[in-house]
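Step one of this worksheet: look at the structure below.
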Amino acid sequence: MKNESVAKILYEIADILEAQDVQWKPAAYRKAAMAIESLSEEVEDIYRGGGKKALLKIPGIGENISKKVEEMITTGGLGYYARLKKELPIDFGTLTAIPGLGPKKLKKLFNALGVRTLEELKEAAERGKIAGLEGFGEKSEQEILKGIALLEKTRGRALLGAILPDALAIVEKLKESKAVGRIGIAGSLRRMKETVGDIDILATSGEPGRVMGLFVSLPEVEAVFAKGMTKSSVHLKNGLDCDLRVVEEDSFGSALQYFTGSKDHNIALRKIAIKMGYKLSEYGIFKGEEKIAGRTEEEVYGRLGLPYIEPELRENTGEIEAAQEGRLPALIELEEVRGDLHVHTNWSDGSEPVEEVVLAARERGYEWVCISDHSQSLRIAHGLDERDLERQFDEIERVKGGITGIEVLRGIECDIRKDGSLDLMDETLERCDIVIGAVHSHFNLPMREMTERMMRAMENPNLDIIGHPTGRLLGEREAYELDWERLFDAAEDNGIAFEINAFPSRLDLDGAHIKAALAHGLQFAIGTDAHTKDQMDFMELGVATARRGWAEGKDVLNTLGAEDVRRRFSP
DNA sequence: GCCGTTTTCGGCCCGACTGTTTTCAGTCG
């Protein structure tokens, strides 16, 4: 059973128990579900490797839940869940996604009207059966109908690269108002998560009413969920929800800290505050009635005895302990990036000729750029064969002659065939500065075969980098499974780097992969995989991913000069 | 149900918004 399915059942158990007014257990089940959901490894594999004992090592999973997870993995079902579901056969997973409906209200609807599914809820609301119930009214019935309509449209999380510009545009529009003081993005967007579920904006204002009025009437807004003096929530036309909060000037730092999260990071901070005899909230740090911090985030962290922690690290995955011990990494900065390792031109499936791509790289302040088009197997992308590549090398030489101030590296995104061999002759690959090997076919191989396919490719002395290693794309789960430990070992043996692929529709390596690889002493190369000049701007996303994996400048090859990159990859 | 430099028992983050409840429960983040 996959992590997602295990987590879904645990979430549903939490909802059922909460509907039954059970104390504390719902929170415990939810915490366990979140822990399993965010594992970078399959819980099945963890169990196969170390049994129930290994499950107990996952924080939030104790004696009871580990037994239940064990049952799910070994039998594919869970008796406890089946019994609960019999008592309360409600589709909590779907229905709690409707704003305003939680476990308790859904139980009321079930008891009064027998509502179990989205369809039954819709029918009950359309027939006006809900308005008369205790605890509901005309308004809530309408809200439910609106919620269902929104749910039926596309919902869910969106890619960072797709949302960041929209969020910045809203912030810019609000900034134009004189009523707005300080303003900034918070939430998972500020932490630069690969995907974001909503947009959180935080501002200060002497006239919150005016700011809220402006916010809910922005043209981007499709529906308004709530409008108050300190908080308003809307649904945007791009499909995401957006919250705006207005706070006092002297609470901006603590509010920014609080609403940036993550939730787990904040809970850990609050526990530290409690131990020190303080109370931490979005309004500041309080010692009794007295407020002792809150104006800036630095002040908040400082009062808790911590250095400032970068938003990308705030996941409670060891950053607080590292901060306490003074061993936070000096995260790589966008300014340190000296070149893009992976761009396409119109020689394969890119839009522009070599010359324009090189000029675009120079405009971005890079010292070098590596041209890396597809190899011949990728027919739909007009992949290059040996002769094409030689001709492209000539073209690169010609372009280099006419453009100063930037170095051009000769690269190739070479297909890794099903058997692990590379798609071009060794003599040709030897003439490249950088060979990026990538999988573009036979995605459904079993984990072992796929891993060994890549390991075989790594043994070719010409291969330098594994490109977009996970194959994950938007809307799909991991396209194929890999045995990371074996892969890391092979990369170490052969001096191979992994690519952090910043192409906007790709959900490639995440922070956990990167941390694990760094622990093996491996290096990364950020490639935008740009197919148009504009897409080279997504370097920022690649850097954010590296930062979320705790990478420093030395861990990322893009911080090297052109000659050092060449030397790093010459056999 | 989980967890432990307060603890193997007794805690578990905290506050705003909404609707309908005339004093607050449920939901949300």
Side-chain angles (χ1 to χ4, degrees), chain A residues 10 13-19 21-35 55-69 80 92 95-109 130-144 146-147 186-189 196-202 208 212 216 224-234 241-247 251 254-255 257-286 316 321 324:
Chain A
L10 294 176
I13 290 173
D15 285 338
I16 297 173
L17 292 173
E18 186 159 343
D21 259 325
V22 177
Q23 292 294 299
W24 308 118
K25 289 191 191 184
Y29 275 97
R30 256 178 220 125
K31 196 172 176 215
M34 275 172 65
L55 297 178
L56 285 167
K57 291 217 177 90
I58 303 169
I61 295 185
E63 199 47 44
N64 272 287
I65 294 185
S66 69
K67 273 188 206 150
K68 294 189 168 75
V69 173
Y80 175 66
F92 285 103
L95 296 178
T96 52
I98 297 167
L101 285 186
K104 302 257 170 86
K105 291 206 164 174
L106 288 169
K107 187 188 176 197
K108 280 185 188 167
L109 290 172
I130 291 175
L133 298 177
E134 194 195 331
F136 295 87
E138 191 58 43
K139 189 93 189 245
S140 37
E141 187 168 87
Q142 289 311 309
E143 289 301 313
I144 287 171
K146 266 162 75 182
S188 56
L189 200 53
V196 289
D198 61 7
I199 299 171
D200 290 298
I201 301 172
L202 195 67
M212 291 306 188
V216 300
V224 180
F225 294 134
K227 178 171 175 271
M229 291 301 267
T230 64
K231 181 191 168 184
S232 293
S233 294
V234 302
D241 293 345
C242 180
D243 288 349
L244 172 66
R245 289 184 175 78
V246 173
V247 299
S251 297
S254 46
Q257 192 290 312
Y258 179 82
F259 291 114
T260 295
S262 66
K263 195 182 167 85
D264 288 340
H265 177 87
N266 287 355
I267 289 172
L269 285 190
R270 286 192 181 202
K271 286 181 179 165
I272 291 175
I274 290 167
K275 271 183 197 155
M276 296 174 85
Y278 304 147
K279 189 186 71 161
L280 171 63
S281 75
E282 59 263 51
Y283 298 105
I285 299 183
F286 295 86
N316 195 27
E321 293 79 0
Q324 285 170 329

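These numbers were taken from a predicted model, which means no experiment stands behind them. Residue numbers start from 1 in every chain, and the chains themselves are labelled A, B, ... in the order their sequence lines are given, proteins ahead of strands.
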Protein N or O to nucleotides 23-25 of chain B N or O, pairs below 3.5 Å:
none

Would A/L106 and A/D15 count as a side chain to side chain contact (heavy atoms under 4.5 Å, CB included) if you check the C-alpha gap in whole Å, the side-chain angles of each, and the deciding distance to 0.1 Å? CA-CA 10 Å; A/L106 288 169; A/D15 285 338; over 6 Å; no
Taking for each residue the nucleotide of DNA chain B with the nearest heavy atom, is it A/S281 or A/S140 whose nucleotide lies nearer the 5' end?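 Nearer the 5' end of the strand: A/S281.
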Tell me the interatomic distance from [X], atom [atom1], to [N], atom [atom2], rounded to whole angstroms.
X	N	atom1	atom2	answer
A/D264	B/dG29	CG	C1'	13 Å
A/D200	B/dG29	CG	P	9 Å
A/L101	B/dC28	CG	C1'	12 Å
A/I272	B/dC13	CD1	C1'	14 Å
A/F286	B/dC13	CZ	P	19 Å
A/E134	B/dT20	CD	C1'	10 Å
A/E18	B/dG26	CD	P	9 Å
A/K227	B/dA16	NZ	C1'	16 Å

Applying side-chain hydrogen bond (donor to acceptor under 3.5 Å, both in side chains), can you list everything that pairs with A/T260, at least two apart in sequence or on another chain?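 If we apply the side-chain hydrogen bond (donor to acceptor under 3.5 Å, both in side chains) test to A/T260, skipping adjacent residues, the hits are A/R190.
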Between [N] and [M], how many Å separate the two [atom1] atoms, rounded to a whole number?
N	M	atom1	value
B/dT5	B/dG1	P	24 Å
B/dC17	B/dC12	C1'	24 Å
B/dC2	B/dT6	P	23 Å
B/dA25	B/dT20	C1'	10 Å
B/dT18	B/dT23	C1'	15 Å
B/dC3	B/dC13	C1'	16 Å
B/dT8	B/dG4	C1'	8 Å

On a plain distance test, is the side chain of A/Y258 in donor-acceptor contact with the base of B/dG15 below 3.5 Å?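 Checked by distance alone, the answer is no.
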With sugar-phosphate taken as primed atoms, P, OP1 and OP2 and all else as base, the protein-contact string of nucleotides 1-6 of chain B at under 4.0 Å (heavy atoms; B, S, -) is BSS--S
Compare side-chain N and O positions of A/K279 against OP1 and OP2 of B/dG15 and report whether any pair is under 4.0 Å apart.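 For A/K279, the contact criterion (side-chain N or O under 4.0 Å from OP1 or OP2 of B/dG15) is met.
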Would you please name every residue forming a side chain to side chain contact (heavy atoms under 4.5 Å, CB included) with A/K25, sequence neighbours left out?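 Expected list: A/L17, A/V22, A/Y29.
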Excluding sequence neighbours, so at least two apart, what forms side chain to side chain contact (heavy atoms under 4.5 Å, CB included) with A/A33?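 For A/A33 the side chain to side chain contact (heavy atoms under 4.5 Å, CB included) partners, ignoring immediate neighbours, are A/A7, A/L10, A/Y11.
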Set out, in order, the CA-CA distance, both residues' side-chain angles and the distance that settles side chain to side chain contact (heavy atoms under 4.5 Å, CB included) for A/L244 and A/M212, then state yes or no. CA-CA 8 Å; A/L244 172 66; A/M212 291 306 188; 3.9 Å; yes
Non-neighbouring partners of A/E18 that pass salt bridge (charged side-chain N to carboxylate O under 4.0 Å, His left out), sequence neighbours left out: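 A/E18: salt bridge (charged side-chain N to carboxylate O under 4.0 Å, His left out) contacts with A/R30.
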Side chain of A/K231, heavy atoms from C-beta onward: which of B/dG15, B/dC13, B/dC17 has the nearest atom to it?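 Among B/dG15, B/dC13, B/dC17, the one nearest the side chain of A/K231 is B/dC17.
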Could you check which of B/dA16, B/dC17, B/dG29 has an atom nearest any side-chain atom of A/D243?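 Given the options B/dA16, B/dC17, B/dG29, the side chain of A/D243 is closest to B/dG29.
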Does A/D200 reach the side chain of A/R245, with side-chain heavy atoms less than 4.5 Å apart?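 In contact.
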How about A/M34 and A/D264: do any of their side-chain heavy atoms sit closer than 4.5 Å?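 They are in side-chain contact.
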Could you list the donor-acceptor pairs under 3.5 angstrom formed by side chains in residues 59-67 of chain A, with sequence neighbours left out?
residue, atom, partner, partner atom, Å
A/E63, OE2, A/K52, NZ, 2.9
A/S66, OG, A/G62, O, 3.0
A/S66, OG, A/E63, O, 2.8

With sequence neighbours excluded, give me every side chain to side chain donor-acceptor pair (under 3.5 Å) pair touching residues 95-105 of chain A.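 Sorted pair list: A/D21-A/K104.
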Tell me, which pairs form a side chain to side chain donor-acceptor pair (under 3.5 Å) where one or both residues lie in residues 265-280 of chain A, sequence neighbours left out?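 Applying side chain to side chain donor-acceptor pair (under 3.5 Å) to every pair that reaches into residues 265-280 of chain A, excluding sequence neighbours, yields A/Q257-A/N266, A/H265-A/Y301, A/H265-A/E319.
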With both distances under 3.5 Å as the test, what is the Watson-Crick or G-U wobble partner of B/dT8?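 Because no pair has both required distances under 3.5 Å, B/dT8 counts as unpaired.
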Using a heavy-atom cut-off of 4.0 Å across all strands, would you classify A/G135 as base, sugar-phosphate, or nothing?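 Counting heavy atoms under 4.0 Å across all strands, the contact made by A/G135 is with sugar-phosphate only.
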